[in-house]
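To start, the structure under review is shown below, and the notes come after it.
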Amino acid sequence: MTGNNFSSKMETMDKKGYTPLEIVGKREWREDFFSLFFHSPLLTSSLRSGHFLMVRDPDAPTLLSRPFSMGRLFHDEGVFELFFQVVGKGTESMARKRVGDTLSVLGPLGNPFPLEKPGRILLIAGGRGISPFLSALPVLAESKRDYSLLYGAKTARTLLFRPFLADFPVSYRTDDGSFGQRGLVVDGLSQEVDLVFACGPEKMLERVALFYKDLPTEVYLSLEERMGCGTGICYGCARKVRTDRGVEMVRVCEEGPVFEASRVVWDE
Amino acid sequence: MTGNNFSSKMETMDKKGYTPLEIVGKREWREDFFSLFFHSPLLTSSLRSGHFLMVRDPDAPTLLSRPFSMGRLFHDEGVFELFFQVVGKGTESMARKRVGDTLSVLGPLGNPFPLEKPGRILLIAGGRGISPFLSALPVLAESKRDYSLLYGAKTARTLLFRPFLADFPVSYRTDDGSFGQRGLVVDGLSQEVDLVFACGPEKMLERVALFYKDLPTEVYLSLEERMGCGTGICYGCARKVRTDRGVEMVRVCEEGPVFEASRVVWDE
Amino acid sequence: MSDLSFSIGPLRFPNPVVLASGTAGYGYELEPYIDLDLLGGFITKGIYPAPRAGNPSPRVYETPSGMLNAIGLQGIGMVRFRDEVLPFWERYKPPLGINVAGECPEDYARVVEYLDSHPRIDFYEINLSCPNVQTGGRSPSWFPEETKRILSTLRPLTKRPLIAKLSPHARSVEEIAFAAQEAGADGVSLINTFIGLAVDLKSRRPMLHNLFGGVSGPAVKPMALAMVYKVFQRVSLPILGMGGIVSGRDLLEFIVAGASGVQIGTATIVDPQAPLRILREASELLPSLGCDSLGELRGSLKPYR
Amino acid sequence: MSDLSFSIGPLRFPNPVVLASGTAGYGYELEPYIDLDLLGGFITKGIYPAPRAGNPSPRVYETPSGMLNAIGLQGIGMVRFRDEVLPFWERYKPPLGINVAGECPEDYARVVEYLDSHPRIDFYEINLSCPNVQTGGRSPSWFPEETKRILSTLRPLTKRPLIAKLSPHARSVEEIAFAAQEAGADGVSLINTFIGLAVDLKSRRPMLHNLFGGVSGPAVKPMALAMVYKVFQRVSLPILGMGGIVSGRDLLEFIVAGASGVQIGTATIVDPQAPLRILREASELLPSLGCDSLGELRGSLKPYR
Ligand SMILES: Cc1cc2nc3c(=O)[nH]c(=O)nc-3n(C[C@H](O)[C@H](O)[C@H](O)COP(=O)(O)OP(=O)(O)OC[C@H]3O[C@@H](n4cnc5c(N)ncnc54)[C@H](O)[C@@H]3O)c2cc1C
Ligand SMILES: Cc1cc2nc3c(=O)[nH]c(=O)nc-3n(C[C@H](O)[C@H](O)[C@H](O)COP(=O)(O)OP(=O)(O)OC[C@H]3O[C@@H](n4cnc5c(N)ncnc54)[C@H](O)[C@@H]3O)c2cc1C
Ligand SMILES: Cc1cc2nc3c(=O)[nH]c(=O)nc-3n(C[C@H](O)[C@H](O)[C@H](O)COP(=O)(O)O)c2cc1C
Ligand SMILES: Cc1cc2nc3c(=O)[nH]c(=O)nc-3n(C[C@H](O)[C@H](O)[C@H](O)COP(=O)(O)O)c2cc1C
Ligand code: FES
Ligand code: FES
């Protein structure tokens, strides 16, 4: 390729790009939940709880990539999990994939939860917001931290990963009381913690933020916003966040998805 | 469904529609040629040489269906073959399909070759134009007709189905002489026949028509034209054909694809 | 049981699925595939006074989520249409619309005058928007004055509903719809195809013999929805919305944006039974949205501010 | 080795792959993904005089073979742009274009006046076509007079090339391009996004907070190609063609239709390395078409008649 002076440089040298990854496992859960497992020692070792990945199927009728937190990390096998719910075209087409098929994956993207911060930790998961904590729990256990997980869902059927979670300190809540305590996650919050990491529906996150607003607890939330690129170039995923310059529209993919709760502006 | 008075009628009653058919076999030939095999006793028993099918993959990024002649018919198994060359998006996506996948198929469509007409028959196939004759040959053999096939291709590599064709009277030609006689199919035409059925590139068909123009031989050509619907509704596939009203734009999918050569107007 | 009917003036359509002009032939072509009596309505291929051969092939090409066509209004002309096609339609009940085409206002008038005495005709759709005939050329519905002129010429010629079919290439489709309303139209059809081009790299030829063609299909759905919503905000005429409808969900989105009924075009080309599937899907979906009738959904879009 | 360069006036672009405004940020956002020095050129997000917050989210949505966006021209304004972004670009060589945005002619003029003394700027792309700012509203490039007025105001302010970026919603884009040429523009960029709408059936809300958005991506490619070809036939200005280019094949189709270079937008959003893949594909494809340079291919489309 001539026409420029840099023909000797490889376009991918030192640069991050989409990688085709083979699906090495698939699990169909209840209620339109699925897990896909990918082999990539590199990604598996570099992903941290809170990071996300952009996933694309070049052969699918969808155009844009879709963002997903990773689920469990299987370090020995170099395998990581994506855990997702079918809600539209993109996730539908992912759910149709089979072992042996390939998807294009870009990551790790975004900023992870600061798990290393000192103090007593409460993890809060609502519904499919459990994803990032599937990799956080083993890390916290291994480093012998004082931590626990509060995990809520609509009903026992969608309270997934219970065998995996059995090794960790978890308290469960369901809206209908079909498993664990009856009631919303936000009704089970404890003041006796120094750090809170939460992931789940926007309404839940807002109520978590409100609960700890005037307490000394540091609260970090993993936020979602519909994304275009996931790479910070399209400004499609911005939301109101307090910065040095005041309140600004800040990109969830680049400056997030994990934000300090005190910086988040909840106005709609 | 109310809002009309016919809610009791099933929408598909007595009507022809796309049917999902499972791919029960796949064969990859050389040079981007593929065969897919479908199980459908109904279609297999109703398809005649010259008929075509519209094929669609609802999950593929392509929108319109693509037309294909069927290849071999395996009556005992109720299986028919589609034999195709990858030339663009639609055929690419078909070539990616695997055994067990499903495609939507509509047919039989169009008008077949009138094999039942009396007289000595010459079949002429150019390249992938062999398709319709893969089902015609066994019919002609069984009914003990006086017939032969003239089959030409660019080179031996693309002269396919030779083991299958070994049971029938076939003479081969290749442009480069790598198998059979060297030269074009149109150089091997015989005047000593009453009926000619030809399928292949437009240029070949035009030269076949020209060769027999002033002879008593009846010539039928299977024509191709880019199609929208394949069902006669869009008028996308029309070409100039002599009719009772003079020269008209006539639909290849509905009035063809097999036309009497003397009716075809070659003006471009 | 929910009510899927809608009306344009005195004319009642049993359900919202009307087949779009040029994508379902004259009707009889579809008979092997669907029971035409289940349709909400049918609009014929464009009818010119004289027969037309249309363009040479290739006339169609697939584009990303869409198709490009330049049929060039091939047609049998109004005389054969009356003699050969209208009798066929006496066997079926759905409202029948005549898509009236022309190269000048007089063409349109001749078609309406010639056909209007026939009892089987229910309404006219005036095609002010065919982009194929003149190469990539202007269409009357790019201009409010021309839109008015043609419709005012036709208005006195018939008592049947006149529906103006508009081009998406007007600067402001709502302005044209307003002009149509002022000239006495009873409804508008939105949208006709976008002007498009596809290139064959190898031969450096256009993919269509005619050079330009009209783009239809899912690719144009967001543009069509925007235009339907804008016209709904501006004029009080019923709207037949179309552009890329391939599912019951798509259909209802057009109703939410303000359409009274819809037309199905490319989807029928893709699958002749698609219109009935779309109707079934829409009728199954409607109750799940808490609605008993299409009317409750119509124009129900709530902008954020 | 084939020559992929092209020029707009005195300005030489090393290759035809220019990144489109708003789809590649200010440039530094892409640094982790590609070597910016390999690009044919780069056009910044739209620069307004003052910083802008843009629209609330959701701002993007996927449509069939395309996307809908209503970022609302979020931006840091010309002062921070000059202080924070232009120094970054001194480390890279590709031609840098400033996409100049405004709500009135004075806005455009202020941006050009403020930035023009900076040596790193190579050209201006005047955005006469953003459909998002006013809700579904008119844009200057729908009207020849407004197009001329803005460009004539800017022409005396800079010696650098001025490229007019046009809306696809003008009745006749070639007429607008002609007006731009008369007003002294050095080139035209075709096309900006189409106005579109997507509906969330369940909530009956628009899918974008802003209601309307701009449609881009493969869905609009046939329309974009048609406009490039029409403008190429009508004016002598170089054209930067865009709209749905996702492969080297797409790129060369725009050149055949008459574009001098192209811009890549949505493809970069889909995959930040896509621009370099597209460049590689095009450079590999060119010799197979029997061409040594882009120039040989430019405008080589041969209509059938
Ligand atoms: C940082 C991040 C991490 C995520 N992690 C996970 C995960 O681990 N597992 C998982 O199942 N999902 C996750 N999501 C959400 C996931 O990206 C969406 O569900 C997915 O993009 C929907 O694609 P679709 O094509 O199936 O739906 P579409 O057809 O695009 O949309 C269907 C519906 O989903 C809504 N929707 C689309 N994208 C989002 C979004 N990003 N946030 C909220 N609503 C959306 C749409 O508004 C629409 O109503 C994450 C999102 C973000 C931003
Ligand atoms: C009645 C009929 C029977 C056919 N039978 C067979 C068959 O048995 N086996 C087989 O391999 N092919 C057959 N074809 C051709 C086949 O339909 C095309 O190759 C196919 O539609 C190409 O689709 P695509 O998406 O891969 O290519 P596209 O991306 O749509 O086009 C790629 C290239 O192929 C050309 N092309 C597309 N459609 C046609 C067409 N119908 N005729 C000629 N050129 C076309 C295009 O102009 C373009 O240059 C038949 C066509 C017809 C009309
Ligand atoms: C093959 C074809 C032929 C068409 N012919 C006509 C026509 O004769 N008159 C007309 O008003 N519209 C015609 N149209 C436009 C359609 O009626 C419709 O407006 C357009 O296709 C958009 O709807 P869709 O996306 O559902 O196809 C034609 C469209 C196609 C695809
Ligand atoms: C997210 C997004 C933001 C855009 N922002 C701008 C902008 O600020 N100024 C502008 O002139 N065009 C803007 N555009 C339009 C693109 O520059 C381009 O004209 C259009 O996307 C068509 O090209 P494509 O199909 O390759 O994306 C934007 C497009 C997208 C998708
Ligand atoms: S998704 Fe594009 S900037 Fe975040
Ligand atoms: S392909 Fe539509 S009429 Fe023949």
Side-chain angles (χ1 to χ4, degrees), chain A residues 17-29 31-39 53-68 82-106 226-230 234 236, chain B residues 17-29 31-39 53-68 82-106 226-230 234 236:
Chain A
Y18 276 92
T19 315
L21 291 184
E22 196 186 314
I23 297 169
V24 296
K26 176 177 178 175
R27 162 133 197 205
E28 192 170 342
W29 305 89
E31 315 265 347
D32 287 335
F33 282 97
F34 290 83
S35 286
L36 292 177
F37 301 86
F38 297 86
H39 179 75
L53 298 146
M54 293 296 282
V55 180
R56 198 154 64 83
D57 177 0
D59 298 331
T62 47
L63 178 70
L64 301 174
S65 305
R66 302 291 193 270
F68 297 94
L82 293 186
F83 165 63
F84 63 95
Q85 188 175 14
V86 171
V87 298
K89 282 221 177 73
T91 45
E92 252 160 42
S93 131
M94 281 172 63
R96 272 197 305 267
K97 291 282 132 183
R98 300 182 294 191
V99 171
D101 288 346
T102 287
L103 290 174
S104 259
V105 176
L106 177 68
R226 217 184 289 142
M227 289 189 175
C229 65
C234 78
Chain B
Y18 277 91
T19 315
L21 292 184
E22 194 185 317
I23 298 169
V24 296
K26 176 178 178 174
R27 162 130 198 208
E28 193 171 341
W29 307 88
E31 316 264 348
D32 288 336
F33 283 97
F34 290 82
S35 285
L36 293 177
F37 300 87
F38 298 86
H39 179 76
L53 299 146
M54 292 297 282
V55 179
R56 198 153 65 83
D57 177 1
D59 298 331
T62 46
L63 177 71
L64 301 174
S65 306
R66 302 290 192 271
F68 297 94
L82 293 186
F83 165 63
F84 62 96
Q85 187 175 14
V86 171
V87 299
K89 282 221 178 71
T91 45
E92 252 161 44
S93 130
M94 281 173 63
R96 274 197 303 268
K97 291 282 130 184
R98 299 185 293 195
V99 170
D101 288 346
T102 286
L103 290 174
S104 259
V105 176
L106 176 68
R226 216 184 290 142
M227 289 188 176
C229 64
C234 78

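Chain A is the first sequence line, chain B the second, and so forth, proteins listed ahead of strands; every chain is numbered from 1.
- A search for side-chain contact (heavy atoms from CB on, under 4.5 Å) contacts involving B/Glu92 returns B/Val86, not counting sequence neighbours.
- For A/Cys234, the side-chain contact (heavy atoms from CB on, under 4.5 Å) test picks out A/Cys229, D/Ile269, with sequence neighbours left out.
- Among residues 17-24 of chain B, no residue has any heavy atom closer than 4.5 Å to a heavy atom of chain A.
- The two atoms that bring B/Lys26 and B/Arg96 nearest to each other are NZ-C, 4.1 Å, heavy atoms only.
- Considering only heavy atoms from C-beta on, A/Trp29 comes within 4.5 Å of A/Phe83 through its side chain.
- B/Phe34 is not listed as a side-chain neighbour of B/Arg27, based on a closest heavy-atom distance of 4.5 Å or more.
- Between B/Leu103 atom CG and B/Met54 atom CE the span is 13.0 Å, to the nearest 0.5 Å.
- Separation of atoms CG (B/Leu64) and NZ (B/Lys89) is listed at 12.0 Å; rounding is to 0.5 Å.
- The distance from the CG atom of B/Leu82 to the OG atom of B/Ser35 is 8.5 Å, given to the nearest 0.5 Å.
- One finds the CG atom of B/Leu36 at 10.5 Å from the CD atom of B/Glu28 (value rounded to the nearest 0.5 Å).
- For residues 55-63 of chain B, the interface with chain A (any heavy-atom pair closer than 4.5 Å) comprises B/Asp59, B/Ala60, B/Pro61, sorted by residue number.
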